[in-house]
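Worksheet: the structure to be examined is printed underneath.
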2 protein chains.
Amino acid sequence: MTEEAKKLRDYEARLREAGVRITRPRRAILQILSETADHPDAMEIFQRALSIDPTISLSTVYRTMKLLEDKGEIQRHAFAGGPSRFEQAAGEHHDHLIDLDTGDVIEFHSERIEQLQDEIARRLGYDIVYHRLELYGRKRKSR
Amino acid sequence: MTEEAKKLRDYEARLREAGVRITRPRRAILQILSETADHPDAMEIFQRALSIDPTISLSTVYRTMKLLEDKGEIQRHAFAGGPSRFEQAAGEHHDHLIDLDTGDVIEFHSERIEQLQDEIARRLGYDIVYHRLELYGRKRKSR
DNA sequence: ATCCTTGCAAAGCCTTTGCACCTGG
DNA sequence: CCAGGTGCAAAGGCTTTGCAAGGAT
């Protein structure tokens with residue numbers, strides 16, 4: 001069984017358990033999400049889903065994204081100017097570098113930074129529950 | 001001279017030097033920004049500015065915010081659902097630790113983290129224009 | 001005098017919603 | 001069966017833009 005098929009099966013199982021009906025449009029969206037590794041926006045998900053279920057509507061994509069967000073299955077990222085982008089909540093933590101010119105989102109992870117964050121919080125008397133680190137930048141031109 | 005008046009004078013000086021005309025609406029907006037310590041959105045800035053310049057328009061607020069963002073005077077923060085909120089870039093940089101129980105915001109700064117961020121961006125081929133680091137946590141109970 | 005800036009209204013994006021028809025369990 | 005989900009189209013926020021009039025240098 002492929003990795004994607006496993007993810008898809010888990011999605012459906014968890015949602016069904018939470019009392020969510022697995023309809024044809026939802027199955028299509030879940031399949032897209034299980035196959036994708038990037039940060040698509042609603043329109044991109046919609047267009048990819050069309051090839052699986054040609055009758056799906058953009059409204060349903062939006063409604064399903066809200067549902068999945070509430071269930072903790074995906075995360076919504078808001079960026080200035082453009083539409084929200086969605087990402088599977090599963091998987092290990094990472095942060096984001098956003099290209100100011102293109103809107104591209106690059107993932108990265110630094111254990112050292114995570115450690116420093118913990119240290120700072122501890123010094124201030126806090127335990128971190130979660131955090132958000134976003135770098136906004138431009139492709140370096142020279143050199 | 002008050003702190004706000006100083007900030008206002010600096011705003012105008014820097015902008016004028018950059019070839020920006022200091023018009024009545026812009027002066028009103030700069031005054032609002034120099035007096036404010038929170039993160040207002042465009043509509044809030046517009047309404048506060050009305051009491052200084054009753055003829056100002058919302059479009060001008062938006063245009064001015066874009067201008068100030070380009071000049072590096074303010075930062076724009078995007079939130080899912082709601083409007084963008086703006087914050088003065090002036091002063092030394094700091095990050096935020098948000099208390100999940102009380103909503104308290106604690107400012108902190110770590111030069112080491114900043115260095116690591118630059119390093120990561122450089123490795124990915126980018127120059128950081130600005131960043132956003134927010135820790136969400138709870139007061140540590142034991143020990 | 002020149003060119004930038006403004007106010008207004010209209011348009012543009014992204015997202016949500018009302019409604020009548022479907023459908024999954 | 002029937003509560004919940006769907007597609008469609010219309011409405012809703014927030015933001016940008018075209019244009020002619022106004023203002024800063």
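Residue numbering restarts at 1 for every chain, and letters A, B, ... go by the order of the sequence lines.
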Could you check whether any side-chain N or O of [X] sits under 3.5 Å from a backbone N or O of [Y], counting only pairs where one atom can act as donor and the other as acceptor?
X	Y	result
B:Arg24	B:Asp53	no
A:Thr64	A:Thr60	yes
B:Thr36	B:Leu33	no

Would you tell me if any nitrogen or oxygen in the side chain of [X] comes within less than 4.0 Å of OP1 or OP2 on [N]?
X	N	result
A:Arg16	C:dG25	yes
A:Thr55	D:dT6	no
B:Ser84	D:dC14	no

Original post:
NA contact type, B:Ser59, heavy-atom cut-off 4.0 Å: base, sugar-phosphate, or nothing?
Top reply: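 The answer is base, as B:Ser59 lies within the cut-off (heavy atoms under 4.0 Å) of a base atom.
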
Original post:
Hey, does B:Arg26 reach any base, or is it just sugar-phosphate, or nothing, if we go heavy atoms under 4.0 Å?
Top reply: sugar-phosphate

Rounded to whole Å, how long is the line connecting atom [atom1] of [X] with atom [atom2] of [N]?
X	N	atom1	atom2	answer
A:Leu58	D:dT6	CG	P	13 Å
A:Arg63	D:dC8	CZ	C1'	10 Å
B:Met65	C:dT5	CE	C1'	17 Å
A:Ile56	D:dT6	CD1	P	8 Å
A:Leu67	C:dT15	CG	P	17 Å
A:Tyr62	C:dC14	OH	P	7 Å
A:Asp41	C:dT16	CG	P	13 Å
B:Glu12	D:dT25	CD	C1'	15 Å

**OP:** By nearest nucleotide on DNA chain C, pick out whichever of B:Gly19 and A:Gly81 is the more 5' one.
**Re:**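 The residue mapped nearer the 5' terminus is B:Gly19.
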
**OP:** Compute whether any side-chain donor of one residue and acceptor of the other, for A:His96 and A:Glu134, lie under 3.5 angstrom apart.
**Re:**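 No pair is found: no donor N or O on one side chain lies under 3.5 Å from an acceptor on the other.
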
Subject >> Donor + acceptor pair across side chains of A:Glu87, A:His77 (<3.5 Å) >> reply: yes

Of the options [options], whose atoms approach the side-chain atoms of [X] most closely?
X	options	result
A:Pro83	C:dT15, C:dC3, D:dG7	C:dT15
A:Thr23	D:dG7, D:dT6, C:dG7	D:dT6
B:Arg21	D:dG7, C:dG24, D:dT25	D:dT25

